[in-house]
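Below: the structure, in structure tokens.
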Amino acid sequence: MLQKPRGTRDFLPDEMEARRAVEWRLREVARRWGYREVCTPEFEDLELFTMRSGEGIINEMYVFEDKGGRKLALRPEITAAVIRMYINEAKVAPKPLRWCYYADCFRYERPQKGRYRQFWQFGVELIGADSAIADAEVIMLASDMLDTTGVRYELKVGHLSFVKTLLKDVEPETQRKIRQQLDKKDFEGLEQTLDEMKKPDLAESLKTLVATQNLSEAFEIVGAIPERERIEQTIGYLDAAGIMYSLNLGIARGLDYYTGIVFEGFADNLGAENQILGGGVYRLAHLFGGDDVASCGFAIGFDRVMVSLGETARTKDTVAAIVCTPETRNRALEVARAFRSAGIRTEMDLMDRGFGQQLSHAAKTADFAVIIGQREAASGEVTLKDLHTGEQKTVTLDAAVAGVVASGSRG
RNA sequence: GCCAGGGUGGGGUAGUUGGUUAUCCUAGGGGACUGUGGAUCCCCCGACCCGGGUUCGAGUCUCGGCCCUGGCCCCA
């Protein structure tokens, strides 16, 4: 038997409905904040991704050559494509741009819990607003969006300037290493690295920095930094808005293009792959030949959110099953159309089942049976049977539709 | 890329020291039933992940691969 490709998944209707429900809640929150949806190609020039991250990531991407010999890649993330799109199509649009997207991405990695080779991200990008309130808005939106999914999470907010300032005399390669060690709280490795550099005194400062929840203390450690006022303002807005977050100045993020505030969200009931959100302030456009516009954005790992939510109760469609005889089928089609026009999911027997079998099947798959036999066809009424309670009554078509609609709004 | 545990009808399972046509439940389809439902009875459908090896004989032993689950690594 043919298998689906490694790391991909099939979604049956129940799961799709659950996913769409969460997806639409996210979209609705984004809409309320003014973030409008965009869509970029599923594949891009390979260069778009290597320009930013280096050739190394080719190993972790789906890369292919098309019939014209172009080197292409399935998108491993969306931010680069959105910024390319901004430069191509929207450079002169009134700033700021508030965009969001929901899209699948592809990475060639070893699958495990919460990590798949095709996965979905819901993200936002705020382009062209370079201010404390802009940074705060994106973090507040992140918080709002995670809240609406119902997932239980922790939001960590940091800023790259602290560590960068402390390490400003350190060569880039070592900086990278130290930031990773900080991110992982690998203090032994950190001390070793600093010893090798003959700067053991830095270890204490760095360790205090990543542990502190106190912004003033952090500023004392690093001394004067130009971003101080903006950071204080951003944090001030978050506090005033009552956003639940914790300060974590050791957040490294993977990439060098982040320049300011960074933040990450973690689900509290997942295993190794528990990061469900990541984002920050970055400058990327100039890499792709655009202006040096400041942007701030984040992406939510949609699949991990769904894993974290688990088998939560799903909103179920109310289903009406039409039960009829061959002679009354035309009338039944008319009745079905009335139910569908009222927004009710309505299904008819397609297998020439007998009357009793239709009911038997309806009892398994529907909430209501709408019975149209000879008697109902003659009188112009329908018999509406509530399949949960067993109650039934013969009423007008309008009354039957109204009854089913009312039960749907109930619950 | 590394480590561990797995893979028998759609789902869940049994399968003895290797031994006939692979067990049971469930789901699905058909029938009985003929205008009131999940019952009952009958019938049908449908599986040993793939390939090599050992053997008279492999679901079972062995090797390789594929896939799944969890962890490491990485994480744009």
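Worth knowing before you read on, the calculation uses all heavy atoms, side chains too, and leaves out hydrogens, waters and symmetry mates. What you see is a predicted model; the values in this text were computed from it and never measured.
Across all strands, A/Glu60 comes closer than 4.0 Å to base atoms (heavy-atom distances). The residue A/Gly373 sits close to a base: some heavy atom pair falls under 4.0 Å. Residue A/Gly279 is out of contact with every strand shown, counting any heavy-atom pair closer than 4.0 Å. Residue-level contact check: A/Arg353 touches the backbone only, with heavy atoms under 4.0 Å from sugar-phosphate atoms and none from bases.
Aromatic pair A/Trp24/A/Phe122: centroids not less than 6.0 angstrom apart. Ring to ring, A/Phe302 and A/Phe119 are not that close: their centroids are 6.0 angstrom or more apart.
A straight line from CD of A/Glu327 to C1' of B/U34 spans 12 Å, rounded to a whole angstrom. Residue A/Arg84 contributes atom CZ, which lies 16 Å from atom C1' of B/A76 at whole-angstrom precision. One interatomic measurement links the two molecules: CD1 of A/Ile322 to C1' of B/G35, which rounds to 16 Å at whole-angstrom precision. Atom CG in A/Asp186 sits about 10 Å away from atom P in B/C73, given to the nearest Å. Taking atom CD1 of residue A/Ile372 and atom C1' of nucleotide B/U36, one finds them 14 Å apart after rounding to whole Å. Between A/Arg107 atom CZ and B/C75 atom P the separation is 10 Å, expressed in whole Å. Protein atom CZ of A/Arg117 is 7 Å distant from nucleotide atom P of B/C67, rounded to whole Å. Straight-line distance from the CD atom of A/Gln392 to the P atom of B/G35: 14 Å, rounded to whole Å.
Each of A/Glu77 and A/Lys4 was matched to the nucleotide of RNA chain B holding its nearest heavy atom; the match closer to the 5' end belongs to A/Lys4.
A/Gln180 has a side-chain polar atom (N or O) that falls below the 4.0 Å cut-off from OP1 or OP2 of B/C75. Remark: A/Arg115 is not in phosphate contact with B/C74, judged by side-chain N or O atoms under 4.0 Å from OP1 or OP2. Remark: A/Arg6 is in phosphate contact with B/C68, judged by side-chain N or O atoms under 4.0 Å from OP1 or OP2.
For the P atoms, the distance linking B/G18 with B/G57 amounts to 15 Å, nearest Å. Distance noted for atom C1' between B/G46 and B/U13: 15 Å (whole Å). Here the separation of B/C25 from B/C43, taken at their P atoms, is 12 Å to the nearest Å. With P as the reference atom, B/U62 and B/C44 are 38 Å apart, rounded to whole Å. Rounded to a whole angstrom, the distance from the P atom of B/G7 to that of B/G59 is 16 Å. Taking atom P on both nucleotides, B/C33 is separated from B/U21 by 39 Å, rounded to a whole Å. Across B/A39 and B/C48, the matching P atoms stand 30 Å from one another, rounded to whole Å. Nucleotides B/G9 and B/C49, compared at atom C1', are 14 Å apart to the nearest Å.
Cation-pi check for A/Lys156 over A/Phe266 is met; the charged atom lies under 6.0 angstrom from the ring centroid and within 45 degrees of its normal. No cation-pi contact links A/Arg117 to A/Phe106, judged by a cut-off of 6.0 Å to the six-membered ring centre and 45° from its axis.
B/C72: Watson-Crick or G-U partner is B/G1, with both key distances under 3.5 Å. Nucleotide B/U55 is matched to nothing when pairs are restricted to Watson-Crick or G-U wobble geometry with both distances under 3.5 angstrom. Pair assignment for B/A27 gives none, since no Watson-Crick or G-U wobble pairing has each distance under 3.5 Å.
For A/Asp144 and A/Arg32, the salt-bridge test fails: no basic side-chain N is under 4.0 Å from an acidic carboxylate O. Salt bridge absent: A/Asp66 and A/Lys71 never bring a charged side-chain N and a carboxylate O closer than 4.0 Å. A salt bridge is defined here as a Lys NZ or Arg NE, NH1 or NH2 lying under 4.0 Å from an Asp or Glu carboxylate O, and A/Lys177 with A/Glu173 fails to meet this definition.
In this structure a side-chain-to-backbone donor-acceptor pair under 3.5 Å is present from A/Arg75 to A/Pro41.
To the nearest 0.5 Å, atom OG1 of residue A/Thr212 and atom NZ of residue A/Lys207 are 15.0 Å apart.
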Could you go through residues 364-373 of chain A and list every donor-acceptor pair under 3.5 Å that involves a side-chain atom there, pairing it with any protein atom two or more places apart or in another chain?
from: A/Thr365; atom 1: OG1; to: A/His361; atom 2: O; distance (Å): 3.1
from: A/Asp367; atom 1: OD1; to: A/His388; atom 2: NE2; distance (Å): 2.7
from: A/Asp367; atom 1: OD2; to: A/Val319; atom 2: N; distance (Å): 2.7

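Closest approach to the A/Glu273 side chain among B/A76, B/C75, B/U69 is made by B/C75 (side chain taken as heavy atoms from C-beta onward). Checking B/G71, B/G35, B/G29 against every side-chain atom of A/Lys113, the shortest atom distance belongs to B/G71. For A/Arg375, the listed nucleotide lying nearest its side chain is B/G35; candidates were B/A76, B/G35, B/G30. For A/Ile57, the listed nucleotide lying nearest its side chain is B/A76; candidates were B/G30, B/A76, B/C2.
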B/S/- contact track for nucleotides 37-43 of chain B, protein heavy atom under 4.0 Å: BB-----

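Between the side chain of A/Gln112 and the base of B/U69, no donor-acceptor pair of N or O atoms lies under 3.5 Å.
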